[in-house]
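All remarks here apply to the structure that follows.
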Amino acid sequence: MSKADAMADAGKTAVLQNIHGTMEFLQKFPPFNQMDTAHLAFLVEHCQLRFYAEGDSIIKPSDGPVEHFYIVKQGRVHGERPHSARRGTETTFEITAGECFPLAALIGERATRTEHLAAEDTFCLLLSKLAFVKLFAVSNPLRDFALRGVSSLLDQVNQQVQLRAVETLGAQYSLDTRLGELAMRQPIGCPPATPLREAVRLMHEQHVGSIVIVDPADKPLGIFTLRDLRRVVADGVDLAQPISNLMTPRPFHLAPDASAFDAAIAMTERHIAHVCLVEHEKLCGVISERDLFSLQRVDLVHLARTIRHAGKVETLAGLRSDIRLLVDRMLAHGASSTQITHIVTLLNDHTVCRVIELTLEEMGDPGIPFTWLCFGSEGRREQTLHTDQDNGILFEAENASEAAATRERLLPIAREINQRLAQCGFTLCKGNIMAGNPELCLSREEWSRRFAGFVLEATPENLLGSTIYFDLRAIWGPDEGCEQLREELLGRIANNSLFQRMMAENALRHRPPVGRFRDFVVARSGADKDTLDLKVQGLTPFVDGARLLALANGISAVGTLERLRALITKGVIEALDGAAYEEAYHFIQQTRMQQHQLQARDELPYSNRVDPDHLNHLDRRILRESFRQAQRLQSSLAMRYQL
């Protein structure tokens, strides 16, 4: 063999080794780890490797339509764009090894809207637009990722979560299933004049637990159920009278396109076992509690009913394990973190109400109407299995002496309720933010003065209080006083720019744990070494930012995601930004809930801290991007309030 031939063979070997090495590198990262080997080989063979020194511009809007698909081989890339307030620029994202860009611009055949800069010395693989188009046409994983980006990664995470849950719980249909798909038979209805005896016979023949009373156009007028039948039989009513005399008028209904989750929540909140399906004002189906959860060992609606009728606190305490099992099943069904926190909060509300009722039965009704308030995550309906008590009492009083006398009568009851809630798994608040504290058992006028003081005197203590008390709602008792407080609060804050600025400063206290030179910033010593706090460092920036912007813009919504959506509708934040914040919040909350479940199964104390090195690559990547979105929200607040 000649020297030239030997050199040529060596060159071919080096090229092949380089191709195999690059493929092995890419197979560690999505979406390349899901691509066919032949498609991945095509990608690598058509790539060129290019170096960018720190600070170099890789692509920018003025370059015109994007001509290459970029994959970071080594180093980091920052995306920077002018801030929406038109003051300076902001880093909108960071891209590291194994990640790619700029998909939206490439697919849209346009220029990028973001300048991509090398944050350090960086090597990128470049695939020409022509080769990308060919690959896009034949590779489903690449096409799915290119069209949906991080959303497709979140789908992968959700699928992994569901598969893990299904391994132990068994597969079920999804909570996102359309109700129209679950209603497999024609609904049973009858005219209003039908005798009760005839309606009951029809229910018996058709083996159904309800009958819908309809007009000639099949519009639902009322519903009659087996539960109603048991009641009227006990009362000895005349079976010949028309069903219209005994039906429940104006039955609750949903559209066939509503989800199983929507029906489950409606049944649980309204204490009903049947939901009518109505389209164009015409009855088209009925969904029963049995239809909805016939395959579940733990039924949401049944569990809620069991809680509401529990005869003693010990029974309520025992039901906490059923709630944990229900959360497992919700994950197996594909429920989102928002759906699960909604369910957990709903069941917690039922538990609180039942504890209050049992306490009043035992200690005696004081004869004073009062409202049980909740604050913080419970007020926002964002509770997980790990929760403590943040509650208070509101009552009406004509003057200070009447308020003091009423308080003395209610405090013993409030303290007993707090202790009984602790028995049921609601940890006593270390800061004593509980109704048994005389400072939180107040008349509406006293609450109003306290909230006004928070706004007028923005001390550190008052600002901290605002992050807790300003997310309030009524759980038990009349809700008019609570609504008046919230309306007053919106008016006070909307007209006080100084307090808004102080709230903005407070919202920047908890910085997301991502640094410039490494993935995550973790605790360096102590018991929390090498961990970060998903709640304080991850969720709190979204919660605080959404609260500030909502209160400043007269938005009455209390939940974080509801606030973000309302802010988009009002034009306060851009739709794309709001969607990114929502997706990031979802993922951090989901990661937190998965950790709580594992801790519960292993009988370990709940903790919001996680070691990012214990996460797989996909989870780490999305978690880092989620924290980046929290940084973006904080950056926008800093610009908005000139901090």
Side-chain angles (χ1 to χ4, degrees), residues 265 268-269 304 307-308 316 320 323 338 340-360 369-395 410-411 413-444 446-448 450-451 454 464-487 489 535 539-540 543-544 546-547 550-551 556-563:
I265 291 297
T268 307
E269 289 180 336
I307 291 172
R308 295 294 289 134
L316 291 171
R320 300 304 291 179
I323 294 177
T338 302
I340 292 173
T341 53
H342 191 154
I343 287 170
V344 170
T345 302
L346 188 58
L347 295 175
N348 285 349
D349 284 358
H350 286 316
T351 303
V352 171
C353 291
R354 191 56 186 151
V355 166
I356 294 172
E357 292 162 0
L358 290 172
T359 304
L360 293 179
F370 67 88
T371 302
W372 190 269
L373 302 174
C374 64
F375 311 109
S377 61
E378 189 173 8
R380 297 190 301 272
R381 291 186 173 89
E382 294 168 0
Q383 283 189 302
T384 64
L385 296 173
H386 175 32
T387 186
D388 60 2
Q389 295 187 49
D390 288 325
N391 48 51
I393 279 181
L394 177 149
F395 56 85
L410 291 177
L411 279 173
I413 296 172
R415 289 170 182 146
E416 183 63 23
I417 292 170
N418 287 145
Q419 292 299 323
R420 293 184 176 195
L421 286 174
Q423 285 181 252
C424 295
F426 299 83
T427 309
L428 293 172
C429 177
K430 294 178 181 178
N432 202 21
I433 302 174
M434 295 184 291
N437 179 350
E439 296 181 3
L440 298 176
C441 182
L442 305 174
S443 69
R444 180 170 57 82
E446 289 170 331
W447 277 113
S448 180
R450 182 168 192 183
F451 286 176
F454 284 173
L464 178 61
S466 71
T467 65
I468 300 170
Y469 299 115
F470 287 4
D471 296 340
L472 79 156
R473 64 183 176 90
I475 287 186
W476 187 90
D479 60 2
E480 293 84 2
C482 179
E483 290 304 313
Q484 289 182 40
L485 280 179
R486 289 169 62 180
E487 289 177 12
L489 193 59
K535 180 180 179 182
L539 296 175
T540 298
V543 172
D544 288 350
R547 178 192 303 108
L551 293 175
S556 60
V558 179
T560 300
L561 297 182
E562 289 80 6
R563 283 169 167 166

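Here the structure is a predicted model, which means the values were calculated and not measured.
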(request) Mind checking the CZ-CD1 spacing from Arg381 to Ile343? Nearest 0.5 Å is all I need. (result) 13.5 Å
(message) Run the side-chain contact (heavy atoms from CB on, under 4.5 Å) test against Glu487 and tell me which residues pass, sequence neighbours left out.
(response) none
(message) Going by the rule side chain to side chain donor-acceptor pair (under 3.5 Å), which residues pair with Arg450 if we only count those two or more places apart in sequence or in a different chain?
(response) none
(request) Please name all residues satisfying side-chain contact (heavy atoms from CB on, under 4.5 Å) with Cys441, sequence neighbours left out, ordered by chain then number. (result) Ile393, Phe395, Arg407, Leu410, Leu411
(request) With sequence neighbours excluded, tell me which residues meet ring-ring contact (aromatic ring centres under 6.0 Å, His included) with Phe370. (result) Trp476
(request) Evaluate the side-chain proximity of Leu472 to Cys482: yes if any heavy-atom separation is below 4.5 Å, no if none is. (result) yes
(request) Would you mind listing every salt bridge (Lys or Arg N to Asp or Glu O under 4.0 Å) that reaches into residues 421-436, with sequence neighbours excluded? (result) none
(message) Set out, in order, the CA-CA distance, both residues' side-chain angles and the distance that settles ring pair (Phe, Tyr, Trp, His ring centres under 6.0 Å) for Phe451 and Phe470, then state yes or no.
(response) CA-CA 8 Å; Phe451 286 176; Phe470 287 4; 5.5 Å; yes
(message) By the salt bridge (Lys or Arg N to Asp or Glu O under 4.0 Å) test, which pairs, at least two apart or in different chains, include something from residues 464-477?
(response) Asp349-Arg473, Arg380-Asp471, Asp471-Arg547, Asp471-Arg563
(message) Quick check: do Ile475 and Glu378 have side-chain heavy atoms less than 4.5 Å from each other?
(response) yes
(message) For a 4.5 angstrom cut-off between non-hydrogen side-chain atoms, does Leu539 reach Glu382?
(response) no
(request) Decide yes or no for Gln383 and Thr341: does some side-chain heavy atom of the first lie under 4.5 Å from some side-chain heavy atom of the second? (result) no
